[in-house]
2 protein chains.
Amino acid sequence: MGIIRKTKSVKILLNEFSADSTAISVTTLIERLSSEMNKTTVYRILDKLEDDGFLHSFLGKNGHKWYAKCNNCSKSKHYDTHAHFQCLNCGKVDCLTTNFTIPEIPNRRVDVFQLLVQGSCEDCLV
Amino acid sequence: MGIIRKTKSVKILLNEFSADSTAISVTTLIERLSSEMNKTTVYRILDKLEDDGFLHSFLGKNGHKWYAKCNNCSKSKHYDTHAHFQCLNCGKVDCLTTNFTIPEIPNRRVDVFQLLVQGSCEDCLV
DNA sequence: TTTTTTTTTGCAATTTAGTTGCATTATTTT
DNA sequence: AAAATAATGCAACTAAATTGCAAAAAAAAA
């Protein structure tokens with residue numbers, strides 16, 4: 001699919017991810033932008049931004065969707081071999097720069113994996 | 001909370017996990033046991049069996065809940081340092097016996113993690 | 001065993017994330 | 001400017017999970 005038109009809504013959403021590389025949950029975006037666009041639009045644009053390799057998505061601990069900016073992704077391939085870290089204290093979620101390698105598993109072929117790490121972030125560590 | 005009474009419904013559910021150690025999704029259980037108990041009961045009993053350390057839960061790729069038998073868990077502590085493997089071919093999900101160690105992450109304290117690996121299981125590998 | 005207390009269950013209603021169809025509006029192409 | 005195409009809003013819908021409450025079942029007390 002991919003983004004075709006740079007509409008007002010697309011620009012607003014892109015802007016949300018321009019600040020830092022912290023991940024944002026879909027529900028947060030829907031609430032934050034409720035006066036500017038419909039939730040359906042949020043879902044659809046995020047979907048396309050992911051297809052375009054500008055964002056990538058993953059599921060938080062409760063199974064809800066989060067999005068974050070991509071660093072080295074393209075239309076054809078998402079480099080999702082990184083983990084996501086959720087701070088149990090402040091709730092902030094971000095991408096870890098560490099690239100994980102999943103060890104070989106006997107008699108199985110590993111295609112993809114999803115790793116969500118939870119703990120305390122640098123700001124919340126005493 | 002924990003299990004207090006060994007009711008008929010509890011026995012039926014325990015029985016579902018007695019066979020092998022393959023994980024079962026909540027929706028599968030609800031459908032499979034629809035003639036024997038209400039879905040609310042399924043949710044509630046699974047919840048208690050997890051509290052009791054008999055089952056542990058995790059989220060599948062779509063964010064839906066799965067349960068599997070515990071091996072070394074107790075009421076107070078779940079030894080969830082293992083990954084779950086979902087076969088993209090047959091859909092089967094099971095616990096990997098390999099215990100993963102998440103490497104140290106600079107300036108962060110890691111408390112828990114969730115690792116879902118997807119690929120091809122031993123039965124589905126040619 | 002019978003009565004009383006407490007827990008469990010079923011049912012219906014509710015919540016919430018996410019999706020879909022369709023008419024309207026905006027953007028791009030001609 | 002007109003025509004073609006894509007994006008948006010809205011309402012309705014789907015599905016997983018939760019909640020309140022009355023009825024039923026299990027355990028404890030008598």
Side-chain angles (χ1 to χ4, degrees), chain A residues 1-17 23-68 75 84 86 91 93 114 116, chain B residues 1-17 23-68 75 84 86 91 93 114 116:
Chain A
M1 199 188 273
I3 288 290
I4 313 208
R5 298 179 182 182
K6 279 234 169 175
T7 62
K8 191 176 136 213
S9 302
V10 171
K11 282 173 196 159
I12 292 170
L13 262 168
L14 282 174
N15 191 54
E16 291 294 321
F17 289 96
I24 316 176
S25 75
V26 177
T27 45
T28 301
L29 282 169
I30 288 172
E31 196 184 12
R32 190 184 290 170
L33 304 175
S34 61
S35 60
E36 304 179 76
M37 73 188 76
N38 190 273
K39 69 168 177 171
T40 313
T41 307
V42 176
Y43 278 113
R44 287 195 276 227
I45 293 179
L46 290 174
D47 219 50
K48 290 182 189 172
L49 288 173
E50 183 169 27
D51 276 353
D52 260 20
F54 187 81
L55 297 177
H56 64 273
S57 71
F58 57 94
L59 299 178
K61 192 76 174 182
N62 51 10
H64 297 165
K65 219 167 185 180
W66 290 69
Y67 281 87
K75 259 193 178 101
H84 295 98
Q86 180 160 37
V93 178
Q114 187 188 307
L116 182 67
Chain B
M1 198 188 271
I3 288 288
I4 312 206
R5 297 181 183 185
K6 280 234 171 176
T7 62
K8 191 177 136 214
S9 303
V10 170
K11 283 174 197 158
I12 292 170
L13 260 167
L14 283 174
N15 192 53
E16 290 295 319
F17 289 95
I24 317 176
S25 75
V26 177
T27 44
T28 300
L29 282 169
I30 288 173
E31 196 185 12
R32 190 184 290 170
L33 303 175
S34 62
S35 60
E36 303 179 77
M37 73 189 76
N38 190 274
K39 66 170 177 172
T40 313
T41 307
V42 175
Y43 279 112
R44 287 194 276 227
I45 293 179
L46 290 173
D47 219 50
K48 290 183 188 170
L49 288 173
E50 183 168 27
D51 277 353
D52 261 21
F54 186 82
L55 297 178
H56 64 272
S57 71
F58 57 93
L59 300 177
K61 191 75 174 183
N62 52 8
H64 296 165
K65 219 166 185 182
W66 290 70
Y67 282 87
K75 258 193 179 98
H84 295 98
Q86 180 160 39
V93 177
Q114 187 188 309
L116 181 68

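Chain letters run A, B, ... following the sequence lines, proteins first and then strands; every chain starts at 1.
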Separation of atom [atom1] in [X] from atom [atom2] in [N], rounded to whole Å:
X	N	atom1	atom2	answer
A/K48	D/dT8	NZ	C1'	10 Å
B/L13	C/dT8	CG	P	14 Å
A/K11	D/dT8	NZ	P	11 Å
A/L59	D/dA16	CG	P	15 Å
B/D47	C/dT9	CG	C1'	15 Å
B/I30	D/dT18	CD1	C1'	12 Å
A/N38	C/dT24	CG	C1'	13 Å
B/H64	C/dT19	NE2	P	10 Å

Most 5' of B/T40 and B/T27 on DNA chain D, judged by nearest nucleotide: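 Per heavy-atom nearest nucleotide, the more 5' residue is B/T27.
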Residue whose nearest DNA chain D nucleotide is more 5′ - B/K39 or A/K8: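 That would be A/K8.
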Min side-chain heavy-atom separation B/Y43-B/I30 under 4.5 Å: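 Contact flag for B/Y43/B/I30 side chains = yes.
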Polar side chain donor-acceptor pair, B/T27 to B/S25, under 3.5 angstrom: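 Distance-only check passes for B/T27 and B/S25.
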Under-3.5 Å donor-acceptor pair between A/R44 side chain and C/dG18 base: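 It does not, because no donor-acceptor pair links the side chain of A/R44 to the base of C/dG18 below 3.5 Å.
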From CA spacing to verdict: side chain to side chain contact (heavy atoms under 4.5 Å, CB included), B/K65, B/L59: CA-CA 5 Å; B/K65 219 166 185 182; B/L59 300 177; 4.1 Å; yes
Pair assignment for D/dA29, Watson-Crick or G-U wobble, requiring both distances under 3.5 Å: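 Partner of D/dA29: C/dT2.
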Of all the nucleotides listed ([options]), which has the minimum atom distance to the side chain of [X]?
X	options	answer
B/I45	C/dT9, D/dT18, D/dA25	C/dT9
B/V10	C/dC11, C/dT9, D/dA17	C/dT9
B/Y43	D/dC10, D/dA17, D/dA26	D/dA17
A/R5	C/dG10, C/dT9, D/dA7	D/dA7

Phosphate OP1/OP2 of C/dA26 contacted by A/T7 side-chain N/O (<4.0 Å):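 For C/dA26, OP1/OP2 do not have a side-chain N/O of A/T7 under 4.0 Å.
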Separation between NZ of A/K8 and CD1 of A/I12, rounded to the nearest 0.5 Å: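 The distance works out to 5.5 Å.
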Exercise: identify the closest heavy-atom pair between B/I45 and B/S9: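 Distance-wise, the nearest heavy atoms are CD1-CB, 3.5 Å.
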